Amino acid sequence: MEIDLTKLNQPQREAVTCTEGPLLVLAGAGSGKTRVLTTRIAYLIAEKSVAPYHILALTFTNKAAKEMKERVQKLTGEDAGVWLFTFHGFCARLLSMEIDALGYDKRFSIYDEDDQQSLIGHIIKDLNLNDKVFSKRTLAGIFSDAKNHSLRPEEFLRQSYQPRQVLEAFSLYQKRLKEANALDFDDLLLKTIELFEKRPDVLAKYRDHFRYILVDEYQDTNMAQYHIVSLLAREHRNLCVVGDDDQSIYGWRGADIRNILEFEKDFPGARVVRLEQNYRSTDKILEAANRVIENNRGRKDKRLWTEKTDGFPITVYEGRTEREEAVYICDRILNGRRMGSRYDSFAILYRTHAQSRILEMILQSYSIPYKVYGGTSFFNRSEVKDVLSYLRLLSNPNDDVAFTRIINVPRRGIGNVAMDELRAEAQQRELSLFAVVLDPQTLSLRTRAKFAPFAHIMEAAFEDYGKKTFSVFAADLLKRIGYDAYLKEDKKENYEVRSENVKELLGYMSEFESSFDDPDGDLLQSFLSTVALFMNADNVDEQNGCVNLMTLHAAKGLEFDTVFLCGMEDGLFPSAQSKFDPEKLEEERRLCYVGVTRAQEKLFLTYAGSRMLYGQFTASQPSQFLREMGDAIRMPGGSSREQAAQKAAPVESFHAQTPPVHTGPQVFMGTKPATPKTVDKVLDWKDGDRVRHAIFGEGVIENVEGKGPSQIIRVRFKNGVEKRLTALYAPLTRLE
DNA sequence: GCCCCTCTGATTTTT
DNA sequence: TCAGAGGGGC
């Protein structure tokens with residue numbers, strides 16, 4: 001097999017063929033990063049005769065891992081046997097083989113954020129902490145932050161002068177995790193490092209095993225990930241990291257941008273390759289992106305360019321309210337649709353989820369199909385988590401969090417009193433909750449009786465396990481539990497959907513079983529850890545026929561023909577919390593860069609002069625990022641042909657005069673935008689107008705009271721219902 | 001033990 | 001605005 005390098009440009013080719021020694025590939029947005037990584041792997045195998053299992057490739061997301069696997073397979077023509085994992089997946093896999101060296105059982109549980117918080121909740125109670133000061137959320141944040149920033153989180157907490165209570169809570173948290181034979185996400189990384197440090201023989205084994213290491217999205221690595229890579233690669237130094245410092249947007253999650261900025265210091269003699277040719281966007285879009293990002297200090301110098309010249313001008317729109325902004329976006333989408341664009345070629349990107357609400361309302365009123373990404377994903381649904389918790393408890397009987405979740409689901413009449421007694425007993429006897437339930441001699445008769453049915457069910461399940469196929473086993477377990485009946489009774493939510501989800505999970509289990517081919521592995525453990533690390537199952541499906549709505553963070557790595565970047569307002573984007581912190585502001589700017597570079601052909605930047613935030617009217621100024629784009633975006637009085645096109649849109653204006661673009665952060669000082677004079681199709685209601693409401697449907701206006709933002713209109717809807725609505729907020733469109 | 005109502009607080013979330 | 005949590009009443 002030969003690898004075709006002719007399709008690569010010069011720097012790409014260099015990145016593929018420099019196989020020995022440390023290599024930093026600075027891959028700008030849309031510069032063919034994945035192609036380089038996968039071709040490099042294929043090249044190592046085919047041209048350098050490296051055995052696939054000597055190659056380790058690490059990514060951040062399951063999606064990226066999957067995509068790379070598929071592409072490597074395509075290039076090499078077989079399932080190459082390359083170790084291709086997410087960081088966490090790799091660690092979970094390694095620990096499932098080696099963790100007994102650290103005194104854990106190989107069937108450890110992986111605690112996700114919910115599990116973590118539930119555990120922390122009990123710790124707050126047990127330590128009698130004031131939960132106003134030390135809330136679950138706060139503590140979980142502090143703990144994770146410590147684990148992300150340091151290999152010795154206790155020391156980190158001490159050095160950052162955390163109060164005594166935090167230190168106590170943290171050590172109890174770690175103690176309870178250990179007792180539950182559980183690791184949180186951060187532990188997966190830290191325990192791997194601990195293993196390597198404690199057992200040089202194990203480290204030596206894997207060092208020798210992984211002779212070529214590749215890391216994707218290197219700008220997003222945290223301290224622990226850096227150490228893992230460093231430990232494995234330090235000796236042979238065949239380490240290729242690919243990333244873009246300008247797209248580092250997870251600093252708040254512990255990603256340390258210094259890892260990529262100082263790669264050459266960490267690995268002296270490292271080669272640096274810059275991929276600056278962009279294959280995605282037009283020149284106009286790249287110009288705006290470059291203008292913005294140049295305001296950041298301390299970045300690796302690079303500038304994207306493209307052969308795609310003569311692109312559409314970028315449009316800036318100001319709405320008076322978020323409603324107008326949304327209406328404008330919908331108008332543009334319908335317009336694009338009339339010109340032959342598919343709905344799924346549009347993306348609406350925003351800084352916060354809260355912004356999706358109004359967009360959804362207006363999209364609905366226009367009957368535009370859309371999909372919002374980033375809601376509760378499949379594996380996070382309560383019914384799915386319930387079932388998984390039963391399985392988790394069977395796999396790891398020490399898993400107190402799983403036990404606590406399901407002990408009263410379905411309801412078994414077990415409340416605080418019974419649980420308190422159980423906890424006390426468990427503490428006394430130094431056993432897990434489940435262990436006490438299985439051996440309840442010391443519990444009061446009354447409590448014992450309450451737990452007995454549960455104990456019987458689980459004992460029967462233990463008995464059953466291994467005698468049937470995986471999914472049949474689970475289905476039988478659920479029958480015994482009476483889970484379906486519980487879903488039917490529990491009328492909180494749609495029974496059909498929830499029961500369907502459970503079925504889907506069972507289907508997924510049987511699929512997993514049939515593709516499970518690790519003779520030494522434990523099917524249940526392997527399934528549970530895969531699922532635990534696969535919480536974000538909502539991948540963007542490219543041909544879904546829907547307009548795509550998501551946060552800027554979620555948009556990373558994606559591309560769309562037309563992108564609307566909305567809420568381009570000071571205080572929203574950049575967020576108010578980032579405004580006065582130069583580092584945070586730079587991260588917001590990178591986020592803006594990411595957003596802009598998602599667009600292939602058309603980019604719309606929109607903002608509202610005022611919007612409802614936390615139930616309050618908030619007036620706002622255009623985002624400073626808009627001015628930073630300077631004349632890369634359309635200015636008032638501009639003469640170009642788009643001006644004519646703009647007239648079709650309801651309100652257009654962008655008033656800030658652009659000052660020369662300085663380097664470094666700037667504070668917006670422009671004048672307040674004047675109120676646009678164009679006809680406002682939203683506020684100008686009169687009696688007899690026919691309207692459509694997003695929820696109530698069609699109706700006729702009976703009466704209009706008052707003027708301006710407080711205007712109230714009375715509408716009689718077709719279904720006979722009459723409503724008084726605040727015109728400004730009601731999701732209304734006029735029917736001609 | 002469970003349900004309902006009031007209070008509170010609020011970015012972003014690859015694993 | 002609105003979701004989630006905790007307190008109080010049944």
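Throughout, a chain's letter reflects where its sequence line sits, starting with A, and its residues are numbered from 1. Keep in mind it's a predicted model, so treat the numbers as computed, not measured.
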* Structure fact -> Once base and sugar-phosphate atoms are separated, protein heavy atoms under 4.0 Å mark nucleotides 3-9 of chain C, 5' to 3', with B, S and - as -------
* If you measure from the P atom in dT13(B) to the same atom in dG4(C), how many Å do you get, rounded? -> 15 Å
When the distance from [atom1] of [X] to [atom2] of [N] is rounded to whole Å, what number comes out?
X	N	atom1	atom2	value
K191(A)	dT15(B)	NZ	C1'	18 Å
K66(A)	dT15(B)	NZ	P	13 Å
N416(A)	dC2(B)	CG	P	10 Å
F143(A)	dT15(B)	CZ	P	24 Å

* Set of residues satisfying salt bridge (Lys or Arg N to Asp or Glu O under 4.0 Å) with respect to R280(A), sequence neighbours excluded -> E559(A)
* Structure fact -> R351(A) meets the salt bridge (Lys or Arg N to Asp or Glu O under 4.0 Å) criterion, sequence neighbours left out, with E588(A)
Mind checking ring pair (Phe, Tyr, Trp, His ring centres under 6.0 Å) for [X] and listing every partner two or more places apart, or none if nothing turns up?
X	result
F170(A)	F143(A)
Y483(A)	Y486(A)
F134(A)	none

* Partners meeting side chain to side chain contact (heavy atoms under 4.5 Å, CB included) with T38(A) (sequence neighbours left out) -> T34(A), M68(A), R71(A), V72(A), L75(A)
* To do: Using the test side chain to side chain contact (heavy atoms under 4.5 Å, CB included), find all partners of A92(A) that sit at least two apart in sequence or belong to another chain.
  => I110(A), L188(A), L533(A)
* Whether N259(A) side chain and Y226(A) backbone form a donor-acceptor pair below 3.5 Å -> no
* To do: Starting from the 5' end of DNA chain B, give me the residue, A418(A) or A532(A), whose nearest nucleotide shows up first.
  => A418(A)
* Remember a base hit wins even if backbone is also touched, and classify I110(A) as base, sugar-phosphate or nothing at under 4.0 Å, heavy atoms. => nothing
* Phosphate oxygens OP1/OP2 of dG1(B): is one of them under 4.0 Å from a side-chain N or O of K450(A)? -> yes
Check nucleotides 7-14 of chain B against the protein and report each pair of N or O atoms closer than 3.5 Å, with its distance, or say if there are none.
from    : atom 1 : to      : atom 2 : distance (Å)
dT12(B) : OP1    : H353(A) : N      : 3.1
dT12(B) : O4'    : R351(A) : NH2    : 3.0
dT12(B) : N1     : R351(A) : NH2    : 3.4
dT12(B) : O2     : R351(A) : NH2    : 2.3
dT13(B) : OP1    : H353(A) : NE2    : 3.4
dT13(B) : OP1    : T551(A) : OG1    : 2.4
dT13(B) : OP2    : H353(A) : NE2    : 3.0
dT13(B) : O2     : R253(A) : NE     : 2.8
dT14(B) : OP1    : N536(A) : ND2    : 2.5
dT14(B) : OP2    : N536(A) : ND2    : 2.3
dT14(B) : O5'    : N536(A) : ND2    : 3.2

* Asked: Are a donor atom and an acceptor atom from the side chains of E489(A) and Y495(A) found within less than 3.5 Å of each other?
  -> no
